[in-house]
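Report on the following structure.
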Number of protein chains: 2
Amino acid sequence: MEKQHNLSKNQKIIFDLIDKSHEPLKAYSILFNVQKKGINAPLQVYRALDKLVEIGKIHKIESRNAFIACQNSSCQISKATAFSICESCEKVSEISNTKLSKYLLNFTDEAGMKYSKYNLEFFGLCKKCKSKE
Amino acid sequence: MEKQHNLSKNQKIIFDLIDKSHEPLKAYSILFNVQKKGINAPLQVYRALDKLVEIGKIHKIESRNAFIACQNSSCQISKATAFSICESCEKVSEISNTKLSKYLLNFTDEAGMKYSKYNLEFFGLCKKCKSKE
DNA sequence: TAACACTATGTAATAATATAACATTTAAAA
DNA sequence: TTTTAAATGTTATATTATTACATAGTGTTA
């Protein structure tokens with residue numbers, strides 16, 4: 001059994017918003033959307049985001065400064081993340097591919113180092129945008 | 001022969017600074033360091049950085065909002081980048097590994113998509129920091 | 001050379017992203 | 001119940017990045 005994380009009030013509000021969204025959300029857009037629920041300050045948002053990232057419920061898309069819910073039910077504390085990002089419509093999908101993650105977690109650099117944590121972002125055009133070209 | 005990019009005055013000043021540095025530099029630290037050379041405003045720095053990234057002379061370390069010179073003499077327009085980042089001392093190294101880049105450029109997702117562009121950041125402890133633990 | 005297009009520069013203002021510092025409250029554990 | 005850790009609330013501020021507008025240089029081609 002995985003460890004169950006009981007989300008606090010603010011964490012739950014913010015996770016629910018991100019989880020319902022079909023696109024990555026930015027911190028200040030989250031703030032704007034939760035002000036009616038009593039979350040007034042950026043720091044309240046960032047603290048919840050930090051915690052949610054830490055426990056693997058959401059991921060940060062580094063190149064976009066935005067956050068999405070983890071799509072991979074099996075990844076609780078996800079230190080190995082991969083995403084595809086459409087450079088036209090900005091659609092982001094999480095990639096859950098066992099072969100890929102195994103390959104990367106086993107990757108050894110020139111100095112013989114292995115890495116238990118990585119973030120990979122693929123860029124291109126999604127199918128929709130490709131067909132419109 | 002690769003296309004030769006003649007850097008403009010500001011681009012050269014900023015590239016030289018980054019290239020001499022042994023660590024990733026942040027935009028405002030760059031600004032501070034080039035003010036004696038007549039570059040006064042953030043935008044002048046960001047414009048040069050944008051161009052240098054575009055032509056592959058430097059890369060942005062997305063998780064750190066910082067910039068390093070391309071270590072890979074053969075990558076002019078580098079759309080396929082990989083780095084190792086030490087979570088303790090923040091040392092960053094560019095990984096130039098043909099097998100890895102081939103693997104990633106050939107990676108096909110569940111929808112059958114391939115991606116000609118990616119950025120990969122590995123996290124861990126560098127040798128020095130590991131031995132200090 | 002003159003006209004044009006394109007790239008780069010300079011400057012001021014401001015937007016967007018993120019953290020520091022401090023006081024208080026709540027929840028969980030001993 | 002005491003005490004410890006985690007979360008909250010609030011104000012202020014730091015850091016990162018872009019918009020808008022005016023000007024200057026560079027290279028092409030007519």
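Computed from heavy atoms alone, side chains included, the values below leave out hydrogens, waters and symmetry copies. Below, chains carry the letters A, B, ... as their sequence lines are ordered, and counting in each starts from 1.
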Could you check how far CG of L49(B) sits from P of dT18(D), rounded to whole Å? 10 Å
Has N65(B) got a side-chain N or O lying under 4.0 Å from the OP1 or OP2 atom of dT17(C)? no
Using whole Å, report how far CZ of R64(A) lies from P of dA17(D). 13 Å
At 10 degrees resolution, what angle do the end axes of the helix from dT1(C)-dA30(D) to dA30(C)-dT1(D) form when each is taken over five base pairs? 40°
Does the plane of the ring in Y118(A) sit parallel, tilted or perpendicular to the ring in F122(B)? Use 30° and 60° as the thresholds. perpendicular
How many angstroms lie between atom CG of L100(A) and atom CD1 of I95(A), to the nearest 0.5 angstrom? 7.0 Å
In residues 24-46 of chain A, which ones come under 4.0 Å of DNA chain C, going by heavy atoms? K26(A), Y28(A), L43(A), Y46(A)
Once side-chain hydrogen bond (donor to acceptor under 3.5 Å, both in side chains) is applied, do any residues pair with E62(A), and if so which ones, sequence neighbours excluded? none
Looking at K60(A), I'd like to know whether one of its side-chain N or O atoms comes within less than 4.0 Å of OP1 or OP2 on dA18(C). yes
As a quick check of understanding, evaluate side chain to side chain contact (heavy atoms under 4.5 Å, CB included) for N10(A) and R47(A), giving each step before the final call. CA-CA 9 Å; N10(A) 288 0; R47(A) 282 197 285 225; over 6 Å; no
Of all heavy-atom pairs linking G56(B) and H59(B), the shortest is O-CE1, 4.3 Å
Can you name the side-chain hydrogen bond (donor to acceptor under 3.5 Å, both in side chains) partners of D19(B), sequence neighbours left out? none
What is the distance, to the nearest angstrom, from the CD atom on E62(B) to the C1' atom on dA17(D)? 13 Å
Intermediate values then yes/no, side chain to side chain contact (heavy atoms under 4.5 Å, CB included), V53(B) and F67(B): CA-CA 9 Å; V53(B) 166; F67(B) 300 85; 4.2 Å; yes
Heteroatom pairs (N/O) under 3.5 angstrom, protein to nucleotides 4-7 of chain D:
{"from": "dA7(D)", "atom 1": "OP1", "to": "Q11(A)", "atom 2": "NE2", "distance (Å)": "3.4"}
{"from": "dA7(D)", "atom 1": "O3'", "to": "S8(A)", "atom 2": "OG", "distance (Å)": "3.1"}

Could you tell me the separation between the CZ atom of R47(B) and the C1' atom of dC21(D), rounded to a whole number of Å? 11 Å
Can you check side chain to side chain contact (heavy atoms under 4.5 Å, CB included) on D16(A) and K12(A), steps first, answer last? CA-CA 6 Å; D16(A) 286 347; K12(A) 190 164 182 347; 2.9 Å; yes
Tell me, which pairs form a side chain to side chain donor-acceptor pair (under 3.5 Å) where one or both residues lie in residues 27-38 of chain B, sequence neighbours left out? none
Are any side-chain N or O atoms of K79(A) and backbone N or O atoms of F123(B), one a donor and one an acceptor, separated by less than 3.5 Å? no
Mind checking whether Y103(B) and Y103(A) have ring centres under 6.0 Å apart? yes
